[in-house]
Participant: 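Handing you this structure, nothing more for now.
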Amino acid sequence: MIINYELNPPKILPGECFDRHRLFEDIENIKGKISLLEKYVDGIHFTDSVLGIPRLSSISMADIIKRSTKNPLKISCSVRTRDRNFTAMYQIVTDSILSEIDSLLILLGDEPIKGPKNNNPVKPSVFVSELNKQGFNKIVKLNLSIPNKISNSTNIQKKIEAKPYAFVTQSIESLNDLEKLVDTVKPFKIRVVACIMLPSEKNRKSADAIGLDWKEYEKAPIDFITNAGKLADEILLTSPNHFALAGDVLSKIRC
């Protein structure tokens, strides 16, 4: 079973003003987390300003980790399209190639909490389709996000037509839903990465924010993850506010 773990890069404005010293401390904190995880996971995924909160670029964070560790972990990054036009996308995808990043999850992203809103952002599937035509997908894998529940392929037809390398689900809450999703995508030879948030009171606020109901696996998360791994091509674990739990669960899965 391939298991990757999701981490948020440091906030750029944890307070009212930019704090260079605090930024470097937060980067070191992430390095420490990865050193604890690397014996349990196959890869690390860095998010891109979740909830519109400004954070260090996922590509910059990945590059720092690539240069600071000898462990050959695969690194993937989210890239928000809401903030970028085609010129910016070409730049960031090229930066990811120079940093030898394995894959990019191209997603819309939440509205920024500061500054003007982009009321007509380019759809992620449009970006992926164009990037594929220009050959970027021959060097870096280009993925798209999909909901955790899909009734039929027509609901995600535009994303299928973009021909991503993989679909990364929103946090799943049901193995039955995941199985249906995999069956829907299988004919198109697109891989499925199942995202799973670890159930914990510390993570409940994050779960509530995305409408996640984890009652199916709250009492037996390891069994749920293992069974999801039999259905999907990869697992992406997330535990945004309870890192200690992630280490405990991963150690038990890998023992």
Side-chain angles (χ1 to χ4, degrees), residues 1-7 9 34 38 41-49 56-109 121-147 150 153 155-170 181-195 229 231-236:
M1 177 169 54
I2 299 174
I3 303 179
N4 306 306
Y5 188 78
E6 180 180 271
L7 287 169
I34 292 175
E38 58 187 5
V41 301
D42 301 286
I44 297 294
H45 179 82
F46 288 115
T47 62
D48 186 7
S49 296
L56 184 65
S57 158
S58 59
I59 307 300
S60 295
M61 190 69 243
D63 187 67
I64 290 169
I65 296 303
K66 280 279 189 179
R67 289 187 282 106
S68 65
T69 180
K70 296 179 180 179
N71 192 307
L73 281 175
K74 289 185 177 180
I75 297 182
S76 60
C77 296
S78 291
V79 176
R80 292 161 49 94
T81 66
R82 188 182 292 277
D83 307 321
R84 298 177 174 95
N85 56 24
F86 273 98
T87 299
M89 283 299 292
Y90 290 141
Q91 289 175 332
I92 200 163
V93 173
T94 302
D95 286 345
S96 76
I97 290 170
L98 294 176
S99 297
E100 298 182 337
I101 291 167
D102 183 67
S103 64
L104 299 176
L105 171 56
I106 312 298
L107 76 175
L108 181 61
V122 180
K123 292 182 178 179
S125 57
V126 173
F127 275 126
V128 169
S129 182
E130 288 300 310
L131 291 167
N132 283 345
K133 289 177 184 177
Q134 291 147 357
F136 287 94
N137 61 325
K138 297 177 182 178
I139 307 171
V140 60
K141 302 180 182 76
L142 301 172
N143 304 330
L144 286 170
S145 65
I146 52 173
I150 296 177
S153 62
N155 294 344
I156 55 168
Q157 192 60 41
K158 292 296 183 182
K159 293 191 176 187
I160 290 172
E161 291 172 0
K163 298 181 179 179
Y165 176 79
F167 282 136
V168 181
T169 74
Q170 295 176 348
L181 188 155
V182 171
D183 289 343
T184 298
V185 171
K186 189 180 298 182
F188 304 98
K189 298 180 180 180
I190 299 172
R191 294 169 65 85
V192 173
V193 180
C195 182
L231 295 171
D233 297 286
E234 299 182 24
I235 298 296
L236 176 60

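The figures here come from the full heavy-atom set of this structure, side chains too, leaving out hydrogens, waters and symmetry mates. When a residue number appears, it is its place in the shown sequence, counting from 1.
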Participant: Side chains of Leu7 and Ile34: closer than 4.5 Å at any heavy-atom pair?
Facilitator: yes
Participant: What pair of heavy atoms forms the shortest contact from Arg191 to Asp233, and how long is it?
Facilitator: CA-OD2, 3.2 Å
Participant: If you measure from CG on Asn143 to CD1 on Ile106, what distance do you get to the nearest 0.5 Å?
Facilitator: 8.0 Å
Participant: Begin with the C-alpha distance, continue with both residues' side-chain angles, and end with the deciding distance and a verdict on side-chain contact (heavy atoms from CB on, under 4.5 Å) for Asn4 and Asp42.
Facilitator: CA-CA 6 Å; Asn4 306 306; Asp42 301 286; 4.0 Å; yes
Participant: Are any of the side-chain heavy atoms of Ser78 and His45 separated by less than 4.5 Å?
Facilitator: yes
Participant: Give, for atom CD1 of Ile160 and atom CZ of Phe167, the distance between the pair rounded to the nearest 0.5 Å.
Facilitator: 5.0 Å
Participant: Does Phe86 have any ring-ring contact (aromatic ring centres under 6.0 Å, His included) partners at least two apart in sequence or in another chain, and if so, which?
Facilitator: Phe127
Participant: With Ser58, which residues qualify under side chain to side chain donor-acceptor pair (under 3.5 Å), at least two apart?
Facilitator: none
Participant: Looking only at heavy atoms, which two atoms of Pro121 and Leu108 are closest? And how far apart?
Facilitator: CG-CD1, 3.6 Å
Participant: Could you work out, with side chain to side chain donor-acceptor pair (under 3.5 Å) as the rule, every residue matching Glu6, not counting sequence neighbours?
Facilitator: Thr238
Participant: Counting only heavy atoms from other residues, nucleotides and ligands, does the tally under 6.0 Å from NZ of Lys158 exceed 12?
Facilitator: no
Participant: Please report the interatomic distance CD1(Ile156) to OG(Ser145), rounded to the nearest 0.5 Å.
Facilitator: 10.5 Å
Participant: Taking the side chain as every heavy atom from C-beta outward, state whether Ile190 and Leu144 have any pair of such atoms under 4.5 Å apart.
Facilitator: no
Participant: Not counting sequence neighbours, list each pair that qualifies as a salt bridge (charged side-chain N to carboxylate O under 4.0 Å, His left out) and has a residue in residues 83-105.
Facilitator: Asp48-Arg84, Arg80-Asp83, Asp102-Lys141
Participant: Looking only at heavy atoms, what is the nearest atom pair of Leu73 and Gly43, with distance?
Facilitator: CD2-N, 4.0 Å
Participant: Would you say Thr81 and Val79 make side-chain contact, with heavy atoms under 4.5 Å?
Facilitator: no
Participant: Testing Ser57, Ser99, Ser96 for side-chain hydrogen bond (donor to acceptor under 3.5 Å, both in side chains) with Asp63, which one passes?
Facilitator: Ser99
Participant: Once you round to the nearest 0.5 Å, how far does NZ of Lys163 lie from NZ of Lys189?
Facilitator: 11.5 Å
Participant: Ignoring hydrogens, what is the shortest heavy-atom contact between Val140 and Ser103? Give both atom names and the distance.
Facilitator: CG2-CA, 4.0 Å
Participant: Which atom pair, heavy atoms only, marks the closest approach of Ile235 to Gly229?
Facilitator: CD1-N, 3.7 Å
Participant: What pair of heavy atoms forms the shortest contact from Ser125 to Lys159, and how long is it?
Facilitator: CB-CA, 4.2 Å
Participant: Quick one: side chain to side chain donor-acceptor pair (under 3.5 Å) partners of Asn132, sequence neighbours excluded?
Facilitator: Asn137
Participant: Contact between Phe46 and Leu56 at the side-chain level, heavy atoms closer than 4.5 Å - yes or no?
Facilitator: no
Participant: Quick one: does Val168's side chain get under 4.5 Å of Leu236's, heavy atoms only?
Facilitator: yes
Participant: Within the 4.5 Å heavy-atom criterion, are Val192 and Thr169 side-chain neighbours or not?
Facilitator: yes
Participant: Working to the nearest 0.5 angstrom, can you tell me the gap between Leu104 CG and Ile92 CD1?
Facilitator: 8.0 Å
Participant: Restricting to salt bridge (charged side-chain N to carboxylate O under 4.0 Å, His left out), what partner residues turn up for Lys186, sequence neighbours left out?
Facilitator: Asp183
Participant: Are any non-hydrogen side-chain atoms of Ser76 and Leu105 less than 4.5 angstrom apart?
Facilitator: no
Participant: At what distance, to the nearest 0.5 angstrom, does CD of Glu38 lie from CD1 of Ile65?
Facilitator: 10.0 Å
